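On a predicted model such as this, the values are computed, not experimentally measured, just so you know.
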Amino acid sequence: MGSRASTLLREEEIEEIKKETGFSHSQITRLYSRFTSLDKGENGTLSREDFQRIPELAINPLGDRIINAFFPEGEDQVNFRGFMRTLAHFRPIEDNEKNKDPSGTEPLNSRTNKLLFAFRLYDLDRDDKISRDELLQVLRMMVGVNISDEQLGSIADRTIQEADQNGDNSISFNEFIKVLEKVDVEQKMSIRFLH
Amino acid sequence: FLFRGAKEKNHLIYKPYSIIAKEPMSSRDLGAASQEFEMSDIFYFCRRGVESIMDDEVTKRFSAEELESWNLLTRSNYNFQHISLRLTVLWGLGVLVRYGFLLPLRVTLAFTGVGLLVVLTSIVGLLPSGRTKNFLSEKVHLMCYRICVRALTAIITYHNSENKPKNGGICVANHTSPIDVIILASDGCYAMVGQIHGGLMGVIQRAMVKACPHIWFERSEVKDRHLVAKRLSDHVEDKTKLPILIFPEGTCINNTSVMMFKKGSFEIGTTVYPVAIKYDPRFAEAFWNSSKYGMVNYLLRMMSSWAVVCSVWYLPPMRREEGEDAVQFANRVKAAIARQGGLVDLLWDGGLKRAKVKDTFKEEQQKLYSKMLVGAQEDRSRS
């Protein structure tokens, strides 16, 4: 008889989300079910604690940064629309979307937007540049205490050296895109639904 | 990685309600071909992270499982939509029958069963220790538990009764609800283990222990692992004493999976009798969500459901083998129970229902990633 979602989420809202994110009707209701099960406070929004309660996410070295990506600048709560908007980045790119009309707004799950999602995980201060410090911070999160500062520093230096083209010792979004042009971003940053 | 191991064993007889495809890690996921740090490395952690946000293996074990089709109980219905008049009428009739007839009948039986248990065990307790006392205690316990089984209208199918636990052994089972105890104890006699409660529960506990030796702990003693282990060992060494009944998960799980077994009972060095209990969710939601409902509320819900239908499998006894430590033994037993009951075998701790996951798991992930990088660094400095 369907999931908990349907009565609490209006049809118009589902249509709007469908248009904005590209998820199907059933995917939206499934994710709404998930959203409400995470929403322990039952107030229609998720807080950072609600995400941190997921053990698999809590043990992810980049867990906190990923959680941050859901919350707009300076806010502590995310509603279902915001939740879906962020998840939309991980929707697989379908073949019929690949040759879409270039004058329309770019879909949330385009290659560029997937890269932007990842870029923002590095670029904490949102100045559109990944500085050496920001790179080091993310590296440190991924390796924990197991690698020395010097080794980590040299890894960071090498990475910036390879990516930096205009000599400002930081990585801009375009330089980021260039470095990753051979990487299959669509596959690595997509999550397939079973239904 | 922690969760991968459990999935790969392919125990998934229970239909997994997973909405996304979790792809296993490939060697290309991190560090590309060179195994050195690449900026794309974060993609792997990102995807894993967002996958767990969409659907994770743990949090869904602590709430009742969703049914595929409605069983006419509002509590199992997440979506009360007016589908048809006929269905509403059926539901209404169901409510009348359940609350007007079944519930009062069951409550009466429950009071009778519990009352008799307290009174009769106290009387038996007055007898001197010996064969008569044990015999009567057994009869009294069985009779009262069977009344309680009727009070829940529990329809239980016992399989492989030849493997029933014997004296001097420890019986371990997966835990879904306090009713598990009634279900097992109505088919055999066990020594219960637990903390002494106050109130009605405490009265029952104190009465029961007069008739036969159960193992009750004071609240303060529960933390002392050595004390607990000692009392359990002493009990199993005395072959005249009944097999101990323990639920190693330590908390109620929703009967779709078996979570980490605490190793305490597996260190004791005696025969373990595993038991798998699987409830049929169409007739009642047996899982006790203790953060949502208190015990009394839960029991009332149980008694106003259609029935409690379940299967119990007595598995062949197991002993700890040479070179196997308590944790490995516990996992082996857990796997056997999961396989039999058609449950998902998880390595996660049921304690995550309330507690935060330990930092050591994150540190493990960081260590694994570092190993890969350091290996590359060393190659680099050597060349």
Side-chain angles (χ1 to χ4, degrees), chain A residues 1-7 27 30-31 33-34 37-38 51-63 65-67 70 86-87 89-90 117-118 121-122 130 135 138-139 141-147 151 154-155 158-159 163 171 176 179-180 183 185 188-195, chain B residues 1-3 18-23 28-29 32 36-60 63 66-70 77-81 83 348-349 352 356-367 369-371 373-374 377:
Chain A
M1 268 189 50
S3 59
R4 151 178 256 153
S6 312
T7 37
Q27 288 168 350
R30 279 241 150 79
L31 287 171
S33 200
R34 173 67 172 166
S37 73
L38 291 174
F51 284 96
Q52 278 154 0
R53 226 175 272 120
I54 303 171
E56 287 163 36
L57 187 62
I59 68 170
N60 188 315
L62 295 181
R65 287 283 168 104
I66 296 170
I67 294 175
F70 283 83
T86 315
L87 289 182
H89 289 102
F90 288 83
F117 183 89
L121 245 70
Y122 283 109
I130 301 176
L135 186 56
V138 173
L139 275 168
M141 287 176 91
M142 293 199 282
V143 306
V145 300
N146 300 295
I147 295 188
Q151 266 189 308
S154 67
I155 294 177
R158 173 181 65 81
T159 311
I171 307 175
F176 186 69
V179 168
L180 295 173
V183 173
V185 177
K188 285 177 190 267
M189 291 281 274
S190 291
I191 298 174
R192 243 151 292 279
F193 273 79
L194 285 177
H195 308 281
Chain B
F1 289 61
L2 203 67
F3 33 94
S18 178
I19 57 178
I20 53 179
K22 301 226 179 118
E23 278 156 53
R28 302 231 142 257
D29 275 335
E36 291 194 335
F37 171 69
E38 302 281 333
M39 294 208 80
S40 56
D41 281 353
I42 67 164
F43 291 171
Y44 170 75
F45 291 111
C46 266
R47 197 184 76 216
R48 278 298 210 210
V50 178
E51 274 175 2
S52 68
I53 291 176
M54 286 190 182
D55 187 17
D56 79 292
E57 282 305 312
V58 185
T59 57
K60 63 189 180 191
S63 56
E66 275 190 40
L67 295 172
E68 271 188 59
S69 55
W70 195 31
N77 181 20
Y78 300 110
N79 170 15
F80 197 102
Q81 248 180 20
I83 296 288
W348 294 97
D349 183 356
L352 291 171
K356 282 217 153 110
V357 65
K358 290 206 271 258
D359 284 331
T360 43
F361 292 112
K362 188 193 273 201
E363 286 157 19
E364 255 174 63
Q365 301 258 323
Q366 291 168 328
K367 212 186 252 168
Y369 181 66
S370 307
K371 257 202 211 132
L373 286 189
V374 167
Q377 280 293 94

With sequence neighbours excluded, what pairs up with B:Ser370 under the side chain to side chain contact (heavy atoms under 4.5 Å, CB included) test?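 Here the qualifying residues are A:Val143, A:Asn146, A:Ile147.
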Which one wins on heavy-atom pair count under 4.5 Å against chain A: [options]?
options	answer
B:Ile53, B:Val58, B:Leu352	B:Ile53
B:Cys46, B:Ser63, B:Gly49	B:Cys46
B:Thr59, B:Val50, B:Val357	B:Val50

Who among A:Met142, A:Gln52, A:Met189 has the most heavy-atom pairs with chain B under 4.5 Å?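 Max contact count across the listed options: A:Met142.
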With chain B, which of A:Ile130, A:Leu38, A:Ile171, A:Leu180 has the greatest number of heavy-atom pairs at distances under 4.5 Å?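 Ranked by heavy-atom pairs under 4.5 Å with chain B, first place is A:Leu180.
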Test: B:Arg48 and B:Glu51 ion pair at under 4.0 Å: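 Answer for the salt bridge query: yes.
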Using the ring of each side chain (for Trp, its six-membered ring), is A:Phe117 parallel, tilted or perpendicular to A:His89, with breaks at 30° and 60°?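 The rings of A:Phe117 and A:His89 sit tilted, inter-plane angle from 30° to 60°.
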Anything under 30° is parallel, anything over 60° is perpendicular, the rest tilted; go ahead and classify A:Tyr122 against A:Phe176.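 Because their plane-to-plane angle is over 60°, the rings of A:Tyr122 and A:Phe176 count as perpendicular.
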Return the set of residues passing salt bridge (Lys or Arg N to Asp or Glu O under 4.0 Å) with A:Arg53 (not counting sequence neighbours), or none when no residue passes.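 Listed in chain order: A:Asp50.
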Between [X] and chain B, which part of the residue has a heavy atom less than 4.5 Å away: side chain, backbone, both or neither?
X	result
A:Ile67	neither
A:Ile54	both
A:Leu57	both

What's the spacing between B:Lys356 NZ and A:Ile59 CD1 if we round to 0.5 Å?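 B:Lys356 NZ to A:Ile59 CD1: 15.0 Å, rounded to 0.5 Å.
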